[in-house]
Amino acid sequence: MTSESNKSYFGENLLRWYRKERRDLPWRRSRDPYHIWVSEIMLQQTRVDTVIPYFNRFMGRFPTLRHLAEAPEEDVLKHWEGLGYYSRARNLQSAAREVVERYEGAVPRVKAEVSTLKGVGPYTTGAILSIAYDQPEPAVDGNVMRVLSRYFCLEDDIARPATRVSMESLAQSLIPEGQAADFNQALMELGAMVCTPKSPSCPICPVGERCEGRLQGKERELPVKTKAKKARPVYRVAALIEGTGAFAGKVLVRQRPETGLLAQMWELPHIEVQDEEAWARLEEGAGSLEAALAEDGVRVRAATEVVGEAQHIFTHLVWRIKVLRASALEERFVEGSSGYRWIGPEQFEDYAWPNVFRKLLTEYFLQVQRH
DNA sequence: AATGCGGGGTT
DNA sequence: AACCCAGCATT
C-alpha cells in the first residue's frame with residue numbers, strides 16, 4: 001500500500017523521469033513568483049496548449065505585477081478574451097493590487113497570506129509556494145488525484161472535497177527533501193503526458209512497475225469520480241440592430257452585468273424564451289425582444305428574419321441563439337441607456353466578446369462588407 | 001455538499 | 001456525446 005519504500009521509489013523515479021522529459025514551457029523559464037502565479041491562474045481548468053499564447057501576450061502587456069495592478073480593468077479582460085472563466089481575470093488583478101498595497105509588490109511567502117488572495121485556492125496556494133519558493137507544500141489538481149488514485153489504488157470519489165484533502169496529506173508526504181518545485185510539477189506532468197484519463201501509457205510510465213492500480217488491472221477504472229449533470233438547454237433570441245444615418249454600418253451592443261456569467265463582456269442584446277417551441281415562434285420572439293429592450297429605453301422594431309444562429313456550450317448549460325434583424329426607432333438613446341453602444345467593424349476589437357458573439361458579429365460584418 | 005463559472009481537446 | 005482539463009467562490 002502506501003509503504004515508505006514505495007513512496008521513495010515513487011519520488012526518485014518520478015523526478016528522474018521529469019528532469020529528462022519535462023516540456024519547455026514559458027513559465028518554466030522563470031522562477032519569478034508573478035510569472036508562476038499568472039500561469040497557475042490561467043491553467044485552472046485550462047490546457048497547457050491553450051494557455052501558452054495567452055500567457056505570452058499577457059506578459060508582453062503586463063510584464064510585472066505593478067503593470068498589472070495599474071492597468072485598466074477592461075484591458076485585463078481583453079487579454080483574457082476567449083480563455084474562459086473570466087472572474088479569474090478580475091480576481092487576479094484585484095489580488096495584484098492587494099499585493100502592491102499590503103506587501104510592497106512582492107508575492108508573499110506565507111501560506112496564510114497567499115491563500116487569502118482572490119482567486120487563489122488550495123491548489124494554487126501550493127503551486128505558488130512550491131514552484132516559486134520551493135516550499136514543501138502539496139499542489140493537488142485533477143492530474144495529481146488521478147495519478148495518486150492509480151499508483152496507490154485509492155477508490156475514494158475524487159469529486160468529494162474530503163478526498164482532495166486526504167490526497168493533499170499523501171502528496172505532501174511524497175515530496176522528496178528540498179525538491180518540492182520539481183516534484184509537484186513532475187506529478188502534474190506525469191498526469192498530463194503519461195497517466196492520462198482514458199488510455200494511460202503504462203508501458204512507458206516511470207513508476208508503472210509498482211503502480212498498485214495497474215498491478216490490480218484497475219488503471220482504466222481509476223480514479224473513481226461521480227458523474228457531472230448534463231448541461232441544460234436555454235433558448236435565446238437576440239437582436240441585430242442596424243443603425244442608419246450617422247450610425248449606418250454600426251450595430252447596437254451592450255455590456256453584461258458586473259458579476260455572474262460572462263461578467264462585463266459585450267454581447268448582442270437578447271432575451272431568454274420559455275422553451276424550444278417558443279423559440280420557434282419568431283413573431284412572439286420579436287415582440288418580447290422589443291418589449292424587453294424598451295424597458296432599457298431602447299426602442300427598436302424587430303423583424304422575423306433570422307440573420308444568424310449559434311450555439312454556445314458552457315459546462316452547466318447550452319445557449320441556443322437565434323438572431324433577428326432589427327432597426328432602431330431612434331438612435332439617440334445611446335447616451336441615455338447605460339451599457340448600450342453603437343459599434344462598427346473599426347471598434348470591434350476594442351471590446352471583449354464571448355466566443356459566440358465574436359462569431360456572430362464577425363460573420364455579420366463580413367457579410368455587410370461584401371455588399 | 002452542491003452549484004455556477006468557458007472554452008476546447010480527446011476518445 | 002461524454003469526459004476532462006495545472007480550480008475557485010458562493011451558498
Side-chain angles (χ1 to χ4, degrees), chain A residues 22-23 25-28 35-55 77 80-92 94-95 114-128 130-132 138-147 157-165 167-168 171 181 183-193 195-200 220 223 225-234 256-257 259-265 310-319 352-359:
Chain A
R22 71 198 287 262
R23 288 172 288 178
L25 304 174
W27 47 91
R28 283 187 180 157
H35 291 203
I36 306 300
W37 180 15
V38 171
S39 73
E40 291 301 340
I41 299 299
M42 287 187 170
L43 286 162
Q44 289 169 2
Q45 295 290 285
T46 312
R47 289 167 191 285
V48 167
D49 291 342
T50 305
V51 167
I52 290 173
Y54 281 90
F55 178 81
L77 185 60
W80 213 272
E81 181 188 68
L83 197 54
Y85 288 139
Y86 300 100
S87 66
R88 292 185 294 178
R90 200 156 61 142
N91 287 338
L92 176 60
S94 163
V114 173
S115 67
T116 307
L117 297 171
K118 280 187 185 166
V120 177
Y123 163 76
T124 308
T125 298
I128 292 172
S130 63
I131 299 172
V140 173
D141 68 344
N143 284 312
V144 174
M145 287 200 281
R146 184 171 60 253
V147 170
D157 180 358
I158 66 167
R160 290 176 48 228
T163 303
R164 197 210 71 233
V165 172
M167 293 256 182
E168 282 171 349
F183 177 77
N184 281 349
Q185 293 183 84
L187 257 180
M188 294 187 275
E189 190 89 344
L190 188 74
M193 306 302 291
C195 196
T196 54
K198 298 290 183 184
S199 50
R220 301 179 86 99
K225 185 179 183 180
T226 54
K227 290 188 177 82
K229 285 193 300 189
K230 235 176 61 177
R232 170 177 60 94
V234 172
R256 294 182 58 80
T259 58
L261 184 67
L262 303 173
Q264 293 172 283
M265 302 195 79
Q311 183 166 281
H312 198 53
I313 301 172
F314 300 85
T315 304
H316 56 304
L317 49 86
V318 180
W319 278 3
W353 308 96
N355 277 6
V356 67
F357 292 114
R358 162 168 290 278
K359 173 169 165 284

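Proteins come first, then strands; the chains are lettered A, B, ... in the order of their sequence lines, and each starts at number 1. Only a predicted model underlies this, so the values are computations on that prediction, with no experimental measurement involved.
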Start at the 5' end of DNA chain C and walk down; is the nucleotide closest to Gly119(A) or to Lys198(A) reached first?
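The 5'-side residue here is Lys198(A).
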
Both Lys118(A) and Arg28(A) contact DNA chain C. Taking the nearest nucleotide for each, which residue is further toward the 5' end?
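It is Arg28(A), whose closest nucleotide lies nearer the 5' terminus.
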
Once you apply a heavy-atom cut-off of 4.0 Å, does [X] come out as touching a base, just sugar-phosphate, or nothing?
X         : answer
Thr124(A) : sugar-phosphate
Thr50(A)  : nothing
Leu92(A)  : nothing
Tyr123(A) : base
Ser87(A)  : nothing
Leu83(A)  : base
Val120(A) : sugar-phosphate
Gly191(A) : nothing
Arg232(A) : nothing

Partner residues of Val165(A) under the side chain to side chain contact (heavy atoms under 4.5 Å, CB included) criterion, sequence neighbours left out
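Partners of Val165(A) by the side chain to side chain contact (heavy atoms under 4.5 Å, CB included) criterion come out as none, since no residue qualifies.
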
On DNA chain B, does the nearest nucleotide to Val356(A) precede the nearest nucleotide to Lys229(A) from the 5' side, or the other way round? Give the residue.
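Result of the comparison: Lys229(A).
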
Assign each of Asp49(A) and Pro354(A) to its nearest nucleotide of DNA chain B by heavy atoms, then name whichever residue's nucleotide is nearer the 5' end.
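The residue mapped nearer the 5' terminus is Pro354(A).
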
Say you pick atom P in dA6(C) and the same atom in dT3(B); how far apart are they, in whole Å?
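Those two atoms are separated by 25 Å.
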
If you measure from the C1' atom in dC5(B) to the same atom in dC5(C), how many Å do you get, rounded?
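These two C1' atoms come out 14 Å apart once rounded.
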
At their closest point, which heavy atom of [X] faces which heavy atom of [Y], and how far apart are they?
X         : Y         : value
Glu168(A) : Pro122(A) : OE2-CB, 3.6 Å
Met42(A)  : Arg88(A)  : O-NH1, 2.9 Å
Val114(A) : Val120(A) : O-CG1, 3.5 Å

Going 5' to 3' along DNA chain B, which nucleotides are the first and last within contact of chain A (any atom under 4.0 Å from a heavy atom)?
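On DNA chain B, the outermost contacted nucleotides are dA1(B) to dT11(B).
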
Chain A contact limits on DNA chain C, taken 5' to 3' with a cut-off of 4.0 angstrom to heavy atoms:
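So the outermost contacting nucleotides come out as dA2(C) to dA9(C).
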
Please walk me through it: do Leu77(A) and Arg90(A) pass side-chain contact (heavy atoms from CB on, under 4.5 Å)?
CA-CA 7 Å; Leu77(A) 185 60; Arg90(A) 200 156 61 142; over 6 Å; no

